[in-house]
Amino acid sequence: MSDSTSESISSQLSTSLSAMVLLNSSCQSVVETSISQHPNTGKWYDDVQSGLDAVQRLVRDWRLSGNLYFNQALLDAVTNTATVFVQAKKQADQYFDQLSSGFDTTIQNNLISVVNGTLSSVNAFEQISQEYNANLNDWARRVEEAQQRLNHIVSEIQAQESKLQADIALANQQIADMEKQIKADREAINKAKSEENKGIFETVFGVVFAPFTGGLSLILAGVGVSSIVEAEQAVSHLQDTIKKSHKNITTDQAELSDDQKQVVSLKALLLSVGTVVNDGTYITTALEALQTTVSSIKQEADSVIDKLSQAKTADQLIMEKVWFDAALEEWQAIFETAETLSQASPSISRVTIG
(Lines give C-alpha, C1' and ligand atoms only; values in the text may rest on other atoms or scores of the structure.)
Protein backbone atom coordinates (compact mmCIF):
# COMPACT_ATOMS: atom_id res chain seq x y z
CA MET A 1 0.00 0.00 0.00
CA SER A 2 1.52 3.32 -1.08
CA ASP A 3 2.00 6.46 1.01
CA SER A 4 -0.26 8.34 -1.41
CA THR A 5 -3.07 5.81 -0.86
CA SER A 6 -2.87 6.18 2.91
CA GLU A 7 -2.70 9.96 2.67
CA SER A 8 -5.72 9.90 0.34
CA ILE A 9 -7.81 7.87 2.80
CA SER A 10 -6.83 10.10 5.74
CA SER A 11 -7.57 13.22 3.72
CA GLN A 12 -10.88 11.85 2.41
CA LEU A 13 -11.98 10.84 5.90
CA SER A 14 -11.23 14.35 7.13
CA THR A 15 -13.03 15.85 4.15
CA SER A 16 -16.02 13.57 4.72
CA LEU A 17 -16.25 14.57 8.37
CA SER A 18 -15.76 18.25 7.51
CA ALA A 19 -18.69 17.99 5.13
CA MET A 20 -20.72 16.04 7.68
CA VAL A 21 -20.27 18.59 10.47
CA LEU A 22 -21.06 21.31 7.93
CA LEU A 23 -24.29 19.45 7.17
CA ASN A 24 -25.02 19.14 10.90
CA SER A 25 -24.73 22.89 11.34
CA SER A 26 -26.99 23.62 8.36
CA CYS A 27 -29.51 21.12 9.77
CA GLN A 28 -29.40 22.94 13.09
CA SER A 29 -29.88 26.26 11.31
CA VAL A 30 -33.04 24.85 9.69
CA VAL A 31 -34.27 23.77 13.13
CA GLU A 32 -33.70 27.30 14.45
CA THR A 33 -35.44 28.96 11.47
CA SER A 34 -38.87 30.23 12.47
CA ILE A 35 -41.84 32.34 11.43
CA SER A 36 -44.09 34.14 13.89
CA GLN A 37 -47.70 35.19 13.44
CA HIS A 38 -48.34 38.93 13.20
CA PRO A 39 -51.83 40.21 14.11
CA ASN A 40 -52.25 41.12 10.41
CA THR A 41 -50.71 37.94 9.02
CA GLY A 42 -52.95 36.36 6.41
CA LYS A 43 -54.52 32.91 6.43
CA TRP A 44 -51.47 31.63 4.55
CA TYR A 45 -49.48 31.41 7.83
CA ASP A 46 -50.56 27.82 8.61
CA ASP A 47 -49.51 26.62 5.15
CA VAL A 48 -46.04 28.13 5.51
CA GLN A 49 -45.62 26.77 9.03
CA SER A 50 -46.67 23.31 7.85
CA GLY A 51 -44.15 23.40 4.99
CA LEU A 52 -41.39 24.52 7.35
CA ASP A 53 -42.32 21.83 9.89
CA ALA A 54 -41.94 19.13 7.22
CA VAL A 55 -38.38 20.22 6.45
CA GLN A 56 -37.49 20.55 10.12
CA ARG A 57 -38.68 17.00 10.90
CA LEU A 58 -36.34 15.64 8.22
CA VAL A 59 -33.29 17.57 9.42
CA ARG A 60 -33.87 16.75 13.09
CA ASP A 61 -33.81 13.08 12.18
CA TRP A 62 -30.56 13.39 10.24
CA ARG A 63 -28.93 15.58 12.88
CA LEU A 64 -29.29 12.60 15.23
CA SER A 65 -29.02 9.49 13.05
CA GLY A 66 -26.65 10.71 10.33
CA ASN A 67 -24.01 11.94 12.75
CA LEU A 68 -24.37 8.83 14.91
CA TYR A 69 -24.08 6.49 11.92
CA PHE A 70 -20.96 8.25 10.62
CA ASN A 71 -19.19 7.92 13.95
CA GLN A 72 -20.42 4.50 14.98
CA ALA A 73 -20.39 2.79 11.59
CA LEU A 74 -18.04 4.48 9.13
CA LEU A 75 -15.26 5.54 11.50
CA ASP A 76 -15.57 2.27 13.45
CA ALA A 77 -15.18 0.35 10.19
CA VAL A 78 -11.95 2.25 9.56
CA THR A 79 -10.54 1.42 12.99
CA ASN A 80 -11.62 -2.22 12.64
CA THR A 81 -9.88 -2.47 9.27
CA ALA A 82 -6.73 -0.93 10.73
CA THR A 83 -6.83 -3.49 13.57
CA VAL A 84 -7.15 -6.33 11.03
CA PHE A 85 -4.04 -5.07 9.22
CA VAL A 86 -2.10 -4.97 12.50
CA GLN A 87 -3.04 -8.58 13.24
CA ALA A 88 -2.33 -9.59 9.64
CA LYS A 89 1.18 -8.15 9.86
CA LYS A 90 1.93 -10.20 12.99
CA GLN A 91 0.68 -13.41 11.36
CA ALA A 92 2.54 -12.73 8.12
CA ASP A 93 5.81 -12.05 9.96
CA GLN A 94 5.56 -15.48 11.60
CA TYR A 95 5.04 -17.16 8.23
CA PHE A 96 7.89 -15.22 6.60
CA ASP A 97 10.23 -16.30 9.43
CA GLN A 98 9.30 -19.90 8.75
CA LEU A 99 10.43 -19.53 5.13
CA SER A 100 14.05 -19.58 6.31
CA SER A 101 13.74 -23.35 5.99
CA GLY A 102 12.71 -23.05 2.34
CA PHE A 103 9.59 -22.92 0.18
CA ASP A 104 6.45 -24.46 1.69
CA THR A 105 3.01 -24.56 0.04
CA THR A 106 1.30 -24.52 3.45
CA ILE A 107 3.03 -21.24 4.31
CA GLN A 108 2.17 -19.95 0.84
CA ASN A 109 -1.52 -20.72 1.37
CA ASN A 110 -1.43 -19.21 4.86
CA LEU A 111 -0.03 -15.93 3.49
CA ILE A 112 -2.72 -15.86 0.81
CA SER A 113 -5.34 -16.44 3.53
CA VAL A 114 -3.96 -13.53 5.55
CA VAL A 115 -4.27 -11.15 2.58
CA ASN A 116 -7.79 -12.43 1.91
CA GLY A 117 -8.63 -11.59 5.53
CA THR A 118 -7.59 -7.97 5.01
CA LEU A 119 -9.67 -7.88 1.83
CA SER A 120 -12.76 -9.02 3.72
CA SER A 121 -12.31 -6.14 6.15
CA VAL A 122 -11.78 -3.62 3.36
CA ASN A 123 -14.90 -4.95 1.61
CA ALA A 124 -16.92 -4.44 4.81
CA PHE A 125 -15.59 -0.89 5.11
CA GLU A 126 -16.51 -0.22 1.47
CA GLN A 127 -20.03 -1.60 1.94
CA ILE A 128 -20.68 0.58 4.99
CA SER A 129 -19.45 3.64 3.10
CA GLN A 130 -21.75 2.83 0.18
CA GLU A 131 -24.74 2.27 2.50
CA TYR A 132 -24.13 5.58 4.25
CA ASN A 133 -23.91 7.37 0.91
CA ALA A 134 -27.10 5.70 -0.36
CA ASN A 135 -29.00 6.66 2.83
CA LEU A 136 -27.67 10.20 2.57
CA ASN A 137 -28.76 10.55 -1.05
CA ASP A 138 -32.24 9.22 -0.26
CA TRP A 139 -32.59 11.65 2.65
CA ALA A 140 -31.27 14.58 0.58
CA ARG A 141 -33.83 13.79 -2.11
CA ARG A 142 -36.64 13.98 0.45
CA VAL A 143 -35.29 17.26 1.83
CA GLU A 144 -35.13 18.70 -1.67
CA GLU A 145 -38.75 17.66 -2.29
CA ALA A 146 -39.81 19.32 0.98
CA GLN A 147 -37.82 22.41 0.00
CA GLN A 148 -39.62 22.57 -3.34
CA ARG A 149 -43.02 22.28 -1.62
CA LEU A 150 -42.18 25.11 0.79
CA ASN A 151 -40.85 27.24 -2.06
CA HIS A 152 -44.07 26.61 -4.01
CA ILE A 153 -46.18 27.67 -1.01
CA VAL A 154 -44.15 30.87 -0.56
CA SER A 155 -44.22 31.70 -4.30
CA GLU A 156 -48.02 31.34 -4.43
CA ILE A 157 -48.48 33.59 -1.39
CA GLN A 158 -46.17 36.28 -2.78
CA ALA A 159 -47.85 36.10 -6.21
CA GLN A 160 -51.13 37.19 -4.61
CA GLU A 161 -49.63 40.42 -3.22
CA SER A 162 -50.14 42.59 -6.30
CA LYS A 163 -49.13 45.86 -4.61
CA LEU A 164 -45.84 44.44 -3.34
CA GLN A 165 -44.49 42.78 -6.49
CA ALA A 166 -41.60 45.22 -6.94
CA ASP A 167 -40.58 44.87 -3.28
CA ILE A 168 -40.92 41.07 -3.43
CA ALA A 169 -38.83 40.83 -6.60
CA LEU A 170 -36.09 42.98 -5.05
CA ALA A 171 -36.07 41.06 -1.76
CA ASN A 172 -36.06 37.68 -3.51
CA GLN A 173 -33.09 38.73 -5.64
CA GLN A 174 -31.23 40.05 -2.59
CA ILE A 175 -31.90 36.81 -0.68
CA ALA A 176 -30.74 34.75 -3.69
CA ASP A 177 -27.53 36.81 -3.90
CA MET A 178 -27.07 36.41 -0.16
CA GLU A 179 -27.42 32.64 -0.53
CA LYS A 180 -24.74 32.55 -3.26
CA GLN A 181 -22.31 34.55 -1.12
CA ILE A 182 -23.00 32.35 1.91
CA LYS A 183 -22.38 29.24 -0.21
CA ALA A 184 -19.01 30.57 -1.37
CA ASP A 185 -17.93 31.42 2.20
CA ARG A 186 -19.04 28.03 3.53
CA GLU A 187 -17.11 26.26 0.76
CA ALA A 188 -13.98 28.14 1.84
CA ILE A 189 -14.55 27.05 5.44
CA ASN A 190 -15.10 23.44 4.35
CA LYS A 191 -11.79 23.46 2.46
CA ALA A 192 -9.82 25.00 5.32
CA LYS A 193 -6.82 22.90 6.32
CA SER A 194 -4.96 22.48 9.56
CA GLU A 195 -2.01 20.36 10.66
CA GLU A 196 -4.01 19.10 13.62
CA ASN A 197 -7.76 18.57 14.01
CA LYS A 198 -8.48 20.04 17.41
CA GLY A 199 -12.24 19.74 17.50
CA ILE A 200 -15.47 20.74 15.82
CA PHE A 201 -16.21 24.45 15.67
CA GLU A 202 -19.85 25.25 14.98
CA THR A 203 -21.50 28.64 14.57
CA VAL A 204 -25.21 29.22 13.95
CA PHE A 205 -26.19 32.71 12.80
CA GLY A 206 -29.76 33.80 13.52
CA VAL A 207 -30.64 36.40 10.88
CA VAL A 208 -33.61 38.60 11.78
CA PHE A 209 -36.00 39.49 8.96
CA ALA A 210 -39.16 41.56 9.38
CA PRO A 211 -38.36 42.78 12.92
CA PHE A 212 -41.47 43.42 14.99
CA THR A 213 -42.11 45.99 17.69
CA GLY A 214 -40.55 44.96 20.98
CA GLY A 215 -37.46 43.34 19.43
CA LEU A 216 -39.28 40.26 18.16
CA SER A 217 -38.80 38.80 14.69
CA LEU A 218 -41.54 37.71 12.31
CA ILE A 219 -38.94 35.65 10.42
CA LEU A 220 -35.72 34.23 11.85
CA ALA A 221 -33.52 32.59 9.23
CA GLY A 222 -30.77 30.31 10.48
CA VAL A 223 -27.39 30.04 8.74
CA GLY A 224 -25.04 27.43 10.14
CA VAL A 225 -21.39 26.59 9.54
CA SER A 226 -18.99 24.05 11.07
CA SER A 227 -15.39 23.07 10.61
CA ILE A 228 -13.04 20.46 12.09
CA VAL A 229 -10.25 23.02 11.89
CA GLU A 230 -9.93 26.48 13.32
CA ALA A 231 -11.19 28.71 10.51
CA GLU A 232 -11.95 31.89 12.42
CA GLN A 233 -11.03 34.22 9.55
CA ALA A 234 -13.33 32.44 7.11
CA VAL A 235 -16.19 32.36 9.67
CA SER A 236 -15.66 36.06 10.34
CA HIS A 237 -15.86 36.73 6.61
CA LEU A 238 -19.13 34.80 6.47
CA GLN A 239 -20.51 36.91 9.31
CA ASP A 240 -19.53 40.10 7.46
CA THR A 241 -21.21 38.76 4.30
CA ILE A 242 -24.46 38.11 6.16
CA LYS A 243 -24.38 41.48 7.91
CA LYS A 244 -23.83 43.38 4.66
CA SER A 245 -26.60 41.52 2.81
CA HIS A 246 -28.97 41.87 5.76
CA LYS A 247 -28.36 45.62 6.00
CA ASN A 248 -29.19 46.10 2.32
CA ILE A 249 -32.42 44.12 2.64
CA THR A 250 -33.66 45.87 5.78
CA THR A 251 -32.80 49.32 4.37
CA ASP A 252 -34.86 48.67 1.26
CA GLN A 253 -37.82 47.55 3.39
CA ALA A 254 -37.76 50.54 5.73
CA GLU A 255 -41.01 52.02 4.37
CA LEU A 256 -42.99 48.78 4.58
CA SER A 257 -45.31 47.81 7.44
CA ASP A 258 -44.39 44.84 9.64
CA ASP A 259 -46.78 42.43 7.95
CA GLN A 260 -45.63 43.57 4.51
CA LYS A 261 -42.00 42.99 5.45
CA GLN A 262 -42.93 39.47 6.46
CA VAL A 263 -44.54 38.62 3.13
CA VAL A 264 -41.72 40.25 1.19
CA SER A 265 -39.08 38.32 3.17
CA LEU A 266 -40.69 34.86 3.09
CA LYS A 267 -37.98 33.41 0.81
CA ALA A 268 -35.52 33.88 3.69
CA LEU A 269 -37.10 30.78 5.27
CA LEU A 270 -35.44 28.76 2.49
CA LEU A 271 -31.91 30.09 3.10
CA SER A 272 -30.80 27.29 5.41
CA VAL A 273 -32.64 24.55 3.51
CA GLY A 274 -30.54 25.29 0.44
CA THR A 275 -27.33 24.87 2.42
CA VAL A 276 -28.54 21.46 3.64
CA VAL A 277 -28.90 20.21 0.07
CA ASN A 278 -25.48 21.60 -0.89
CA ASP A 279 -23.77 20.02 2.12
CA GLY A 280 -25.21 16.62 1.27
CA THR A 281 -23.51 16.94 -2.12
CA TYR A 282 -20.16 17.69 -0.44
CA ILE A 283 -20.35 14.48 1.59
CA THR A 284 -21.31 12.41 -1.43
CA THR A 285 -18.34 13.79 -3.39
CA ALA A 286 -15.93 12.99 -0.55
CA LEU A 287 -17.31 9.48 -0.03
CA GLU A 288 -17.16 8.69 -3.73
CA ALA A 289 -13.50 9.71 -3.76
CA LEU A 290 -12.95 7.52 -0.70
CA GLN A 291 -14.59 4.57 -2.43
CA THR A 292 -12.30 5.05 -5.44
CA THR A 293 -9.27 4.90 -3.15
CA VAL A 294 -10.59 1.80 -1.40
CA SER A 295 -10.98 0.15 -4.80
CA SER A 296 -7.28 0.80 -5.47
CA ILE A 297 -6.41 -0.85 -2.13
CA LYS A 298 -8.38 -3.92 -3.16
CA GLN A 299 -6.54 -4.01 -6.48
CA GLU A 300 -3.20 -3.89 -4.64
CA ALA A 301 -4.25 -6.77 -2.40
CA ASP A 302 -5.45 -8.80 -5.39
CA SER A 303 -2.09 -8.21 -7.05
CA VAL A 304 -0.27 -9.46 -3.94
CA ILE A 305 -2.45 -12.58 -3.88
CA ASP A 306 -1.61 -13.24 -7.54
CA LYS A 307 2.11 -12.93 -6.88
CA LEU A 308 1.92 -15.15 -3.81
CA SER A 309 -0.07 -17.75 -5.76
CA GLN A 310 2.44 -17.78 -8.62
CA ALA A 311 5.52 -17.92 -6.38
CA LYS A 312 7.73 -20.98 -6.78
CA THR A 313 10.49 -20.11 -4.33
CA ALA A 314 10.78 -18.82 -0.76
CA ASP A 315 12.48 -15.66 -2.04
CA GLN A 316 9.51 -14.88 -4.30
CA LEU A 317 7.17 -15.17 -1.32
CA ILE A 318 9.43 -13.03 0.89
CA MET A 319 9.39 -10.26 -1.71
CA GLU A 320 5.74 -9.58 -0.79
CA LYS A 321 6.74 -8.81 2.80
CA VAL A 322 7.22 -5.23 1.61
CA TRP A 323 3.46 -4.92 1.06
CA PHE A 324 2.65 -6.09 4.59
CA ASP A 325 5.18 -3.68 6.13
CA ALA A 326 3.87 -0.71 4.15
CA ALA A 327 0.21 -1.62 4.75
CA LEU A 328 0.69 -1.78 8.51
CA GLU A 329 2.47 1.56 8.67
CA GLU A 330 -0.10 3.31 6.53
CA TRP A 331 -3.16 1.83 8.26
CA GLN A 332 -1.73 2.90 11.61
CA ALA A 333 -1.70 6.47 10.28
CA ILE A 334 -5.28 6.06 9.03
CA PHE A 335 -6.29 4.64 12.42
CA GLU A 336 -4.90 7.72 14.19
CA THR A 337 -6.87 10.00 11.86
CA ALA A 338 -10.08 8.08 12.51
CA GLU A 339 -9.51 8.16 16.27
CA THR A 340 -8.89 11.91 16.23
CA LEU A 341 -12.03 12.54 14.20
CA SER A 342 -14.23 10.28 16.35
CA GLN A 343 -13.11 12.00 19.55
CA ALA A 344 -13.52 15.56 18.26
CA SER A 345 -15.88 17.45 20.57
CA PRO A 346 -18.04 20.30 19.24
CA SER A 347 -17.71 23.90 20.33
CA ILE A 348 -20.96 25.69 19.47
CA SER A 349 -21.61 29.43 19.36
CA ARG A 350 -24.66 31.42 18.29
CA VAL A 351 -24.68 34.89 16.75
CA THR A 352 -27.80 37.01 16.12
CA ILE A 353 -27.71 39.46 13.21
CA GLY A 354 -30.35 42.16 12.96
Side-chain angles (χ1 to χ4, degrees), residues 19 21-35 48 51-52 54-56 58-59 62 140-141 143-159 167-191 202-210 217-227 231 234-253 261-285 350-354:
V21 297
L22 201 61
L23 176 59
N24 277 348
S25 65
S26 56
C27 284
Q28 184 61 30
S29 67
V30 171
V31 171
E32 297 191 15
T33 294
S34 64
I35 180 168
V48 174
L52 181 59
V55 179
Q56 290 177 332
L58 285 168
V59 299
W62 185 262
R141 176 187 55 77
V143 170
E144 195 163 10
E145 289 172 354
Q147 175 194 32
Q148 290 170 355
R149 286 193 294 271
L150 178 57
N151 184 56
H152 179 70
I153 291 169
V154 168
S155 296
E156 283 197 329
I157 293 166
Q158 290 186 330
D167 296 294
I168 288 172
L170 176 60
N172 287 350
Q173 185 58 56
Q174 290 172 322
I175 291 169
D177 292 341
M178 184 180 184
E179 186 174 12
K180 289 178 183 177
Q181 293 166 353
I182 289 171
K183 180 181 178 181
D185 284 344
R186 294 176 87 252
E187 284 179 350
I189 293 168
N190 186 42
K191 293 176 182 177
E202 179 173 318
T203 303
V204 177
F205 297 99
V207 189
V208 175
F209 290 89
S217 171
L218 292 177
I219 293 178
L220 180 66
V223 177
V225 64
S226 291
S227 174
V235 174
S236 177
H237 189 273
L238 173 60
Q239 183 171 341
D240 291 341
T241 294
I242 296 172
K243 282 183 176 180
K244 182 178 179 181
S245 298
H246 178 266
K247 182 179 179 180
N248 291 337
I249 292 171
T250 53
T251 298
D252 289 332
Q253 295 179 4
K261 290 176 184 177
Q262 186 179 40
V263 173
V264 167
S265 303
L266 279 175
K267 290 279 187 178
L269 293 171
L270 293 154
L271 263 178
S272 53
V273 187
T275 63
V276 167
V277 175
N278 290 332
D279 292 345
T281 302
Y282 297 151
I283 300 179
T284 292
T285 300
R350 286 176 170 78
V351 179
T352 300
I353 296 176

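This chain uses plain numbering: 1 for the first residue, then up along the sequence. This structure is a prediction, so every number in the text was calculated from the model and none was measured.
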Contact between [X] and [Y] at the side-chain level, heavy atoms closer than 4.5 Å - yes or no?
| X | Y | result |
| --- | --- | --- |
| Met178 | Gln174 | no |
| Val207 | Leu271 | no |
| Leu23 | Trp62 | yes |
| Lys183 | Thr275 | no |
| Ile35 | Leu266 | yes |
| Glu144 | Val273 | no |

**Request:** May I ask you to decide whether Glu145 forms a salt bridge with Arg141, counting only side-chain N to carboxylate O separations under 4.0 Å?
**Result:** yes
Atom [atom1] of [X] and atom [atom2] of [Y]: how far apart are they, to the nearest 0.5 Å?
| X | Y | atom1 | atom2 | value |
| --- | --- | --- | --- | --- |
| Asn278 | Ser26 | CG | OG | 8.5 Å |
| Lys261 | Thr250 | NZ | OG1 | 8.5 Å |
| His246 | Thr251 | NE2 | OG1 | 9.5 Å |
| Gln158 | Asp167 | CD | CG | 11.0 Å |
| Lys180 | Ile175 | NZ | CD1 | 13.5 Å |
| Leu238 | Thr241 | CG | OG1 | 6.0 Å |

Check [X] against [Y] and note the closest heavy-atom contact, atom names and distance.
| X | Y | result |
| --- | --- | --- |
| Ala146 | Val55 | CB-CG2, 3.7 Å |
| Ala171 | Val264 | CB-CG1, 3.3 Å |
| Ile219 | Ser265 | CD1-O, 3.6 Å |
| Leu270 | Gln147 | CD2-O, 3.8 Å |

**Item:** Trace of the side chain to side chain donor-acceptor pair (under 3.5 Å) decision for Ser272 with Thr33
**Value:** CA-CA 8 Å; Ser272 53; Thr33 294; 3.2 Å; yes
**Prompt:** Any side-chain donor paired with an acceptor under 3.5 Å for Ser155 and Lys267?
**Reply:** yes
**Asked** Between the side chains of Gln148 and His152, does any donor sit under 3.5 Å from an acceptor?
**Response** no
**Worked verdict on Gln181 versus Ser245 for side chain to side chain donor-acceptor pair (under 3.5 Å)** = CA-CA 9 Å; Gln181 293 166 353; Ser245 298; 3.0 Å; yes
